[in-house]
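For reference, the structure is listed below as structure tokens.
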Amino acid sequence: MRTIFLFLISFLLLYVDISFTNISPIDVAFLNVYFVPKLLFMFILLLSYYLGLKWSVTTALILGLMTDMYIGTIYGLHLFGFVLFVLFMNSAFRVFYRDYVTLFFVVIMNTFLFDTYIYLIYRVIGVIEMPVFDYFALRAVPSLLLNSILYIPLLIVVIILSKIRKSVFNNR
């Protein structure tokens, strides 16, 4: 039951992430400002905190592969990135004190770094030609603000999912 909820929520978040491309970019003062949500990525990071490394790495592998197959620009980019950042998230919480504020900053910072990782790979390969300053001003910062807002409802979903997990294990 837990696995079904996990993947249904993951597919919904993947759909929302991809559907957001219909809205973005938004014209602000004659500039194209990109708001790119990373709900699926933040969900996987939160899973590593609440459900453990095993669940989050497995989910990162499966959903990274699915994201790469759906987007199809560079195969393995999301797969490798999801797993790498889940492992980084797991190691980061060995160092930091575990509370909601720290969790927020670590997840948002990892989301920002993941978005920058994708930008750098695309830039090196030549898929995009956006200058670095434009990327930070017109995509990274607006996306960071959007992801900060979307983090709260996502955290509530993950907490509910982790309570379902605990209740299933306690009933056995």
Side-chain angles (χ1 to χ4, degrees), residues 7-50 56 59-60 63-89 92-93 96 99-161:
F7 284 107
L8 285 176
I9 292 169
S10 300
F11 292 133
L12 177 68
L13 295 176
L14 178 65
Y15 177 74
V16 169
D17 281 349
I18 293 170
S19 295
F20 216 83
T21 59
N22 295 331
I23 300 170
S24 190
I26 297 173
D27 291 328
V28 177
F30 304 108
L31 295 171
N32 289 331
V33 179
Y34 296 87
F35 294 94
V36 181
K38 298 286 183 194
L39 288 169
L40 181 63
F41 179 71
M42 291 190 303
F43 180 69
I44 293 170
L45 290 179
L46 288 171
L47 286 180
S48 71
Y49 179 76
Y50 283 101
S56 58
T59 306
L63 295 173
L65 181 65
M66 288 180 57
T67 304
D68 285 334
M69 288 188 330
Y70 187 78
I71 294 174
T73 307
I74 301 170
Y75 292 112
L77 181 68
H78 289 87
L79 174 72
F80 178 71
F82 282 0
V83 172
L84 178 74
F85 279 92
V86 162
L87 294 174
F88 178 71
M89 175 82 171
F93 269 100
F96 295 120
D99 65 347
Y100 287 120
V101 175
T102 306
L103 180 64
F104 171 78
F105 283 113
V106 170
V107 169
I108 293 300
M109 187 53 63
N110 277 332
T111 306
F112 175 76
L113 292 173
F114 180 73
D115 198 29
T116 305
Y117 153 78
I118 291 177
Y119 165 75
L120 290 174
I121 297 293
Y122 282 167
R123 175 85 179 182
V124 167
I125 294 175
V127 174
I128 59 173
E129 297 295 326
M130 181 182 278
V132 175
F133 179 77
D134 288 348
Y135 165 74
F136 283 112
L138 301 175
R139 180 179 167 150
V141 172
S143 296
L144 183 70
L145 294 173
L146 175 68
N147 287 318
S148 297
I149 293 168
L150 294 175
Y151 172 83
I152 302 300
L154 187 63
L155 178 65
I156 293 169
V157 167
V158 171
I159 290 173
I160 291 170
L161 187 63

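For the side-chain hydrogen bond (donor to acceptor under 3.5 Å, both in side chains) condition, the pairs that include at least one residue of residues 136-147, sequence neighbours left out, are D115-R139. Annotation: side-chain hydrogen bond (donor to acceptor under 3.5 Å, both in side chains) contacts involving residues 124-134, sequence neighbours excluded, are absent.
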Does the pair F35 and F20 meet the rule for a ring-ring contact (aromatic ring centres under 6.0 Å, His included), with working shown? CA-CA 8 Å; F35 294 94; F20 216 83; 7.7 Å; no

If you apply the rule side chain to side chain contact (heavy atoms under 4.5 Å, CB included), what do you find for Y34 with M130, and how did you get there? CA-CA 12 Å; Y34 296 87; M130 181 182 278; 3.7 Å; yes

Assess whether side chain to side chain contact (heavy atoms under 4.5 Å, CB included) is satisfied between K38 and I118, documenting all intermediate values. CA-CA 12 Å; K38 298 286 183 194; I118 291 177; 4.0 Å; yes

Go through it in stages, so that I can follow the logic: the residues are L77 and D68, the test is side chain to side chain contact (heavy atoms under 4.5 Å, CB included), and I'd like the CA-CA distance, side-chain angles, deciding distance and then a yes or no. CA-CA 7 Å; L77 181 68; D68 285 334; 4.3 Å; yes

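The two residues I26 and I23 have their closest heavy-atom pair at CG1-O, 3.8 Å. Nearest approach of T59 to S10, heavy atoms of both residues: CG2-OG, 4.2 Å. Heavy atoms only, all atoms of each residue included: P142 and A137 are closest at CD-O, 3.6 Å.
In this structure, T67 and L14 have side chains that are in contact, with non-hydrogen atoms separated by less than 4.5 Å. Within the 4.5 Å cutoff, the side chain of I74 has no heavy atoms near those of the F80 side chain. Annotation: side chain of I159 is in contact with side chain of L155 (closest heavy-atom distance under 4.5 Å).
Side-chain atoms of Y135 come within 3.5 Å of backbone atoms of T116 as a donor-acceptor pair (strictly under, hydrogens ignored).
By the salt bridge (Lys or Arg N to Asp or Glu O under 4.0 Å) test, D17 is found to be paired with no residue, residues two or more places apart in sequence or in another chain being considered.
The structure places CE of M89 at 6.0 Å from CG of L46, a figure rounded to the nearest 0.5 Å. Once rounded to the nearest 0.5 Å, the distance linking CG of L63 with CZ of F11 reads 6.5 Å. Interatomic distance, CD1 of I9 versus CG of L154, reported as 9.0 Å (0.5 Å rounding). Taken from CD1 in I152 to OH in Y100, the straight-line distance is 10.5 Å, to the nearest 0.5 Å. To the nearest 0.5 Å, atom CD1 of residue I156 and atom OH of residue Y151 are 10.5 Å apart. Taking CD1 from I108 and CE from M42, the interatomic distance works out to 5.0 Å, rounded to the nearest 0.5 Å.
Within a 6.0 Å radius of CZ in F104, more than 12 heavy atoms belonging to other residues, nucleotides or ligands are found. Counting non-hydrogen atoms of other residues, nucleotides and ligands closer than 6.0 Å to CZ of F112 gives a total above 12. Few gaps surround OH on Y119; more than 12 heavy atoms of other groups in view lie less than 6.0 Å from it.
Ring-plane geometry between F85 and F41 is classed as perpendicular, the angle between the planes exceeding 60 degrees on a 0 to 90 degree scale with a lower cut at 30.
A ring-centre distance under 6.0 Å is found for F114 and F82.
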